[in-house]
Amino acid sequence: DAKTTQPNSMESNEEEPVHLPCNHSTISGTDYIHWYRQLPSQGPEYVIHGLTSNVNNRMASLAIAEDRKSSTLILHRATLRDAAVYYCILRDVGSGNTGKLIFGQGTTLQVKP
Amino acid sequence: DAMVIQNPRYQVTQFGKPVTLSCSQTLNHNVMYWYQQKSSQAPKLLFHYYDKDFNNEADTPDNFQSRRPNTSFCFLDIRSPGLGDAAMYLCATSRVGSGANVLTFGAGSRLTVL
């Protein structure tokens, strides 16, 4: 069963901010929230991760709800190169220390010039 | 640069002809994963190695096997590929014990079955 819920697709205009939502109502207390993205014909790449506090890096920001049941990936200024499938992923709660990550369906982001 | 390298990038095989895909890493990560990604679908975990310990997903067909002869290399063997096995196969690595367990992916091996 999928552990996260994301919209199938979103559109954005170039150079505008993009907010990609993710619901994860069954998250456990020690699960990290990861975001990866996959450009066409490439392997997924890491974007950002967080546990409880909001996080910023050079690629994006991650806003985590206080109850941790949802999060939002924020691209501050979308470019055409940001067009990709964005995956919100939780560390599988049953994995113990092996740390396997299970992908949901992801959000396909289209960026319009 | 430290990275995850998959070979070959493209593999064409005939129905039922065994195939081996390889993955190597220079990150010294203790976990290596194999994912299968079919067209327009999310990556699906097949199995992973935590050091030498093999962990198979419950729904991974017996047709898929894996070997990890050392820390740096991991192989995916498809014993008798069917048309439904045509997909992108992604290798990923991570270091368990590093907190967030960030995965580093290779570029993938695209398998075509004729």
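In the text below, chain A, chain B and the rest are named by the order of the sequence lines, each starting its count at 1.
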Check for a donor-acceptor pair, side chain of B:Tyr35 on one end and backbone N or O of A:Phe103 on the other, with a separation under 3.5 Å.
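The answer is no, because no donor-acceptor pair under 3.5 Å joins these two groups.
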
Has A:Asp67 got more than 12 heavy atoms of other residues, nucleotides or ligands less than 6.0 Å from its CG?
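It does: A:Asp67 CG has more than 12 such atoms within range.
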
Could you tell me which of B:Ser40, B:Ala107, B:Gly108, B:Pro43 has the largest number of non-hydrogen atom pairs under 4.5 Å with chain A?
B:Pro43

Side-chain heavy atoms nearer than 4.5 Å, only ILVMFWY residues, links allowed to pass through others: does that put A:Leu73 and A:Met10 together?
yes

Report whether A:Ile48 and A:Ile74 are members of the same hydrophobic cluster (ILVMFWY, side-chain heavy atoms less than 4.5 Å apart, transitive linking).
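Shared cluster, no.
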
Given a strict heavy-atom distance threshold of 4.5 Å, which part of B:Gln6 is in contact with chain A: side chain, backbone, both, or neither?
neither

Once rounded to the nearest 0.5 Å, what's the spacing between atom CG of A:Leu101 and atom NE2 of B:His48?
10.0 Å

Which atom pair, heavy atoms only, marks the closest approach of B:Leu90 to A:Gly43?
CD2-CA, 3.8 Å

What are the two closest heavy atoms between A:Tyr87 and B:Gln37, and how far apart are they?
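Taking A:Tyr87 first and B:Gln37 second, the nearest heavy atoms are OH-NE2, 3.5 Å.
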
Atom CZ of A:Arg77 with >12 non-hydrogen neighbours under 6.0 angstrom:
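For A:Arg77, atom CZ is not crowded (no more than 12 foreign heavy atoms under 6.0 Å).
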
Is the count of non-hydrogen atoms from other residues, nucleotides or ligands lying under 6.0 Å from B:Asn70 atom CG greater than 12?
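Counting neighbours around CG of B:Asn70, more than 12 heavy atoms of other residues, nucleotides or ligands fall under 6.0 Å, so yes.
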
